[in-house]
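Notes for the one structure printed next.
All heavy atoms count here, side chains included; hydrogens, waters and symmetry mates do not. Here is how names work: the chains are called A, B, and so on, in the same order as the sequence lines, proteins then strands, and each is numbered from 1.
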Amino acid sequence: MFSFCADPTTIDGLLWLSCYLTTGKHMAFYLSFSVVLLLLALAAPAALLFGFAGALACRSSLPPVRMFGHGYITMVRGIPDIAFFLFVPVALDQAFEFLRHKTLCSEITEPVWRGNEFLVCDAAKLPLGTSPQWVHEIYGFLLALLAFALVFGAFAGNTLRGAMRAVPDAQLQAAAAFGMTRRQIFWRVLLPQMWVYALPGLSNLWMILVKATPLLFLLGVEDVVYWARELGASKTSAHSYPHGDWRLWYFLALLVFYLALTWLSERIFAKLMRRFSRGQGSIGSAEATS
Amino acid sequence: MKKLIMTAVLAVFTATGAFAETVRLGTEGAYEPWNFVNDAGELDGFEIELGNELCKRASLTCEWVKNDWDSIIPNLKSGNYDAIIAGMSVTEERQKAIDFTEEYYPADPSSYAALAGADASVSSGVVAAQTATIHAGYLAGSSATLVEFASAEETIAAVRNGEADAVLADSGYLAPIVAESNGALVFVGDQIQIGGGVALGMRKSDGALRAKLNAAIESVKSDGSLNKMIAKWFGADAPQF
């Protein structure tokens, strides 16, 4: 990056450090922080959407939809996160490829699972074998995102379901007495009042989501943990900047990053809580005014 | 007319397709000097240079894929990439799962390394090795206590911080580390020969690609460029063809 970095063996001290911290590899490390933030920015609304759908399904008057909603929430909540995270991307990937294989290469009659090989025709591969590496990386990221949305959606669904039930029944009865339809009661009375009950649970969930982002590493996405481990490992002179085992320092930087992120989140949630409890006779508003 | 154009277009497509066949090469990227990520954040090393040369000679378009070592064979089978080029020794056990090309690095004996002056016993002590390697397999059947790590670098770290008494790994991997440790690490015990030479791992169903790569390996062997590459990355003492 700097002109004096041309030959790292001749410099030392701060100069060496400034060169070391601006290598292409370190830039990738800095960029990977935005991968984490991007995941959070996408996974949180996606999980909320999944959760909302799950909570609505649980309240449905149709038994099969209700069973599906309960099944989704109970199943995902009951399975260890890591097992689910390892299972979902692989299963989704194989399911997508299997479906594409069946539609695009219907002339091939051999089974897809042969022994322990999973073989689909070239046209069914996701992404296609000919696509550049970045497409593969984005595909991997999207699979991970879907896994996050599914898992955290189930927890969000349970929180939202509880929050919907926490809205005082008298409110809904009063709305019905005014002649509102079921739909109107839901959108005009239940939903606006539900958030204040949901927020403590959702903020908790957000914190867990923030702390679960290193699971990306487990799914093969090159996130902050991947680069911290890679950069911190000791290097021989095959590299331009040989050094010993520096993992401690890199992981320390990660601790600071995550602590800052959760600290910031807590402040934002406190603000949100005050905003949602305005004008409501609930526990939340009592907390906000005290 | 329309049909004619369609046929022409199709012919062009299949022709370019055949010319620029894309092959995805899977490597670990954490086993210097075989394959590693350099300071620019790009894959580098003996196998990267060799792989690019092989692809050039076989007129293939190659893409590199980084994959953790312990899942490198399963992911080859599930089609994430088409060949493994990651310092993988040919063994009978691996041959049951995948096929290998011609060897591009001769059988290299494995060595033990330990902290200098620690008087480590490689036969009864705790010995570190990378998971799913020939070394881990060998240690599991020996009288030493095996501790496994996901990457080779972690096995060295385990010896340095005293978690393990010694590490067993390829001599080509250990040599630069021992040489640059300022005397902290030394080779101990005898060298042992486990497994065969190093070759590219392929799916058993990919015979045509294997034949192409074999021809390319033959060609780099016969004109001496492979030996030059070995000398460049492993030093003049490294085994040659």
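For a residue to count as touching a neighbouring chain, one of its non-hydrogen atoms must lie under 4.5 Å from one of that chain's; by this rule A:E222 touches chain B with the side chain only. Neither the backbone nor the side chain of A:A28 comes within less than 4.5 Å of any heavy atom in chain B. With a 4.5 angstrom heavy-atom cutoff, B:F36 touches chain A only via side-chain atoms. Proximity to chain A is limited to the backbone of B:W64, based on heavy atoms less than 4.5 angstrom apart. At a 4.5 Å heavy-atom cutoff, the contact between B:D39 and chain A is made by backbone and side-chain atoms alike. Using a 4.5 Å cut-off between heavy atoms, A:Y139 makes no contact with chain B at all.
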Audit row: B:Y105, B:E47, side-chain hydrogen bond (donor to acceptor under 3.5 Å, both in side chains) steps and yes/no: CA-CA 10 Å; B:Y105 191 86; B:E47 287 174 318; over 6 Å; no
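Surrounding CG of B:N161 are more than 12 heavy atoms belonging to other residues, nucleotides or ligands, all under 6.0 Å away.
At a cut-off of 3.5 Å, with distance as the only test, a side-chain donor of B:K66 or A:Y226 sits close to an acceptor on the other residue. Between A:H239 and B:E32, the side chains place a donor N or O and an acceptor N or O closer than 3.5 Å (distance only, hydrogens not considered). Between the side chains of B:N35 and B:T27, a donor-acceptor pair is found at a separation under 3.5 Å.
For the atom pair NE2 (A:H26) and CG (A:L231), the distance works out to 4.5 Å, reported to the nearest 0.5 Å. Here OG1 of B:T133 is found 11.0 Å from CG of B:D70. Values are rounded to the nearest 0.5 Å.
Minimum heavy-atom separation, B:S110 to B:S171: C-OG, 3.8 Å.
Using cut-offs of 30° and 60° on the angle between ring planes, the pair A:W246 and A:H243 is parallel.
At a heavy-atom cut-off of under 4.5 Å, chain B is reached by no residue from residues 79-94 of chain A.
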